[in-house]
Amino acid sequence: MKNKSSKTRTIKVDYLARVEGEGALYIKIADGIVKDVNLKIFEAPRFFEALLQGRDFTEAPDITSRICGICPVAYLMSACHAMEDICKVQIPTELRNLRRLIYCGEWIKSHSLHIFMLNLPDLLGFDDAIGMAQQHPDVVKNGLRLKKIGNTLMELVGGRDIHPINVKVGGFYKAPTASELNDLVPELKKCLDLAINALDFFSKLNYFDYEEDYEFVALSHPEEYPFNEGDLISNKGLNFNISEFDKYFIEEHVPHSTALHTYLKDRGECFVGPLARYALNFEKLTPKAKKAAKKINILGQCNNPSKGILIRTIEVIFALEEALHIINSYKQAESCILVKPTAGVGYGCTEAPRGICFHKYEIDDSGNILYANIVPPTAINQKTIEKDIRNIVYNLVKTNPNIKDKELQSYSEQLIRSYDPCISCSTHFLDLTVDRQ
Amino acid sequence: MTKYKKAIIGLGNEYLGDDAVGIKIIDELVQYDFKDTLVTKVIDDSLKLIEIFQAKDLVIIIDAVKDKVQIPGYIYKLESEEVFYTKTKIPSFSSHTLDLIKVLELAKTLDSLPKQIIIYGIVGENFKKGDSMSEVVADAMGVVVNEIIKFFN
């Protein structure tokens with residue numbers, strides 16, 4: 001971080017702490033006006049789409065799940081759905097429910113990690129979770145307990161919690177027994193109470209006073225809060241089948257990032273993730289999640305990204321309740337159905353903790369993958385994050401032209417963290433440069 | 001996980017050159033039947049260590065170390081409180097999301113450390129994606145495996 005002159009300021013954050021992956025932020029300020037904001041993602045591109053070509057269609061879930069250690073289920077699920085779309089198979093209800101159950105585990109784990117370890121220290125004024133744990137040990141312990149039940153669900157259904165190995169095109173290699181799942185019920189119920197209490201605590205904290213008229217995009221399913229299926233809708237009138245993704249979204253290379261920027265054609269940036277899902281699917285939340293949301297008076301749309309922690313906690317409550325509901329009605333059935341390859345193109349779009357994760361594949365009639373395209377949620381949110389930082393830095397500099405770079409850095413980092421960006425996924429995190437001219 | 005009183009945990013990433021050493025040591029040690037002992041790997045999610053520490057009398061952790069002081073293949077062996085006093089000597093203990101020392105500090109703050117903890121930190125020289133483990137680290141691996149077997153016998 002350095003100042004070039006009194007008129008030119010360059011704020012450089014060379015490494016973003018408490019985010020997944022490696023990235024940096026560059027801010028250029030000339031004569032007190034923010035001229036440029038670049039969220040630089042420099043994590044090495046990993047060329048997953050290229051290495052999928054020539055592989056068997058059944059390998060796509062396991063290969064793509066390696067893109068991320070935090071949200072591997074999203075990649076497993078989107079790849080499975082895309083292959084099943086190509087091969088025109090329908091997954092039986094019990095397997096579909098098991099897929100929702102493992103997704104509950106991933107949301108609980110990923111959200112709890114972000115809420116308690118990455119985001120909460122900002123709101124309570126600590127540098128990290130260790131400092132926070134000294135004054136709020138029970139809060140941190142509860143967070144770790146919530147994360148653990150998420151891990152346990154993923155382990156039981158997915159074979160292991162990091163990069164699960166029990167998921168396949170057509171279902172699972174092995175289905176858990178009802179008894180194994182029922183053993184989790186007491187801890188799930190306890191964690192549900194902990195999450196409801198945590199939401200109450202978080203609702204009393206101070207948040208940035210910042211709102212934006214976002215275009216929220218999320219899956220929408222007629223009967224359920226979305227995990228695996230649905231059409232893509234927005235709060236500004238979009239409603240299309242996932243097979244039309246390419247018609248609505250544009251992927252673009254930008255010089256400052258190894259991640260592609262993805263935005264809506266003729267409309268610009270949009271916002272995916274918990275705030276979007278919540279705004280577009282509030283009515284489909286489970287009863288306790290809805291009741292908890294009503295208690296803190298956030299009904300439906302929340303346009304303040306720094307309040308993302310509240311929405312994530314509501315989603316944790318939802319996922320715990322949904323897991324209990326699925327386990328309660330679970331009957332062990334065949335672990336998978338046979339899927340024979342058919343030449344064609346197919347699509348999968350599921351809700352990763354951070355937003356929609358889109359997969360498109362083409363395979364031949366032997367099942368060889370001819371083409372693959374994967375769009376992770378952070379690639380879509382990147383433009384919105386940049387715009388928000390531009391607005392917030394603009395307001396801060398306008399209010400106080402002599403604001404210290406360190407303060408700008410702190411606000412910017414907190415805003416970026418509130419998005420829970422997954423740089424590892426989108427590379428395809430923070431290093432801040434503020435250039436003041 | 002809580003049914004065991006002891007645990008041997010290998011940390012690392014088998015696709016990052018010498019960072020694989022903790023994982024590969026566990027691959028060797030799982031072949032032995034250490035009484036009342038969980039032998040496991042922790043990949044990526046270092047906070048999971050705190051879950052494993054629950055109700056443990058003894059935990060041995062093996063990890064690769066990036067170090068500018070000692071030469072590749074050097075084996076640090078730290079016991080209990082020693083872990084916290086020597087952190088300035090070992091600037092970067094691991095390549096994971098939350099580094100090992102920070103996780104141990106968090107566990108200590110939460111009063112969640114096991115009764116006894118032993119850490120083996122093996123100094124690596126190459127942490128490049130896709131590379132295999134270097135020869136000196138492979139040699140050090142054998143030393144640590146034998147020492148742990150001897151300890152349990």
_Exceeds 12 heavy-atom contacts within 6.0 angstrom, atom CD of B/Glu135_ = no
_A/Ile130 side chain near B/Lys108 side chain, heavy-atom distance below 4.5 Å_ = no
_Could you tell me if the side chain of B/Gln54 sits less than 4.5 Å from the side chain of A/Lys148, heavy atoms only?_
yes
*Euclidean distance, A/Glu155 CD relative to B/Lys48 NZ, rounded to 0.5 Å*: 4.0 Å
*Per-residue contact mode, A/Asp161 against chain B (heavy atom under 4.5 angstrom)*: side chain
*Check whether B/Leu110 gets within reach of chain A through its side chain, its backbone, both or neither, counting any heavy atom under 4.5 Å.*
both
*Does the pair A/Lys147/B/Glu51 count as a salt bridge with the N-to-O cut at 4.0 Å?*
yes
*Could you list the residues that satisfy ring pair (Phe, Tyr, Trp, His ring centres under 6.0 Å) with A/Tyr173, not counting sequence neighbours?*
none
*Answer yes or no: does atom CZ of A/Arg55 have more than 12 heavy-atom neighbours from other residues, nucleotides or ligands under 6.0 Å?*
no
*Flag the one option from A/Gln134, A/Arg160, A/His163 with the top tally of heavy-atom pairs under 4.5 Å to chain B.*
A/Gln134
*Between CG of B/Leu47 and NZ of A/Lys109, what distance do you get to the nearest 0.5 Å?*
10.0 Å
*Indicate yes or no: at least one non-hydrogen side-chain atom of B/Asp45 is less than 4.5 angstrom from one of A/Asn151.*
yes
*Are there more than 12 heavy atoms of other residues, nucleotides or ligands under 6.0 Å from atom NZ of A/Lys190?*
no
*Roughly how far, to the nearest 0.5 Å, is CG of B/Leu106 from CE of A/Met132?*
8.5 Å
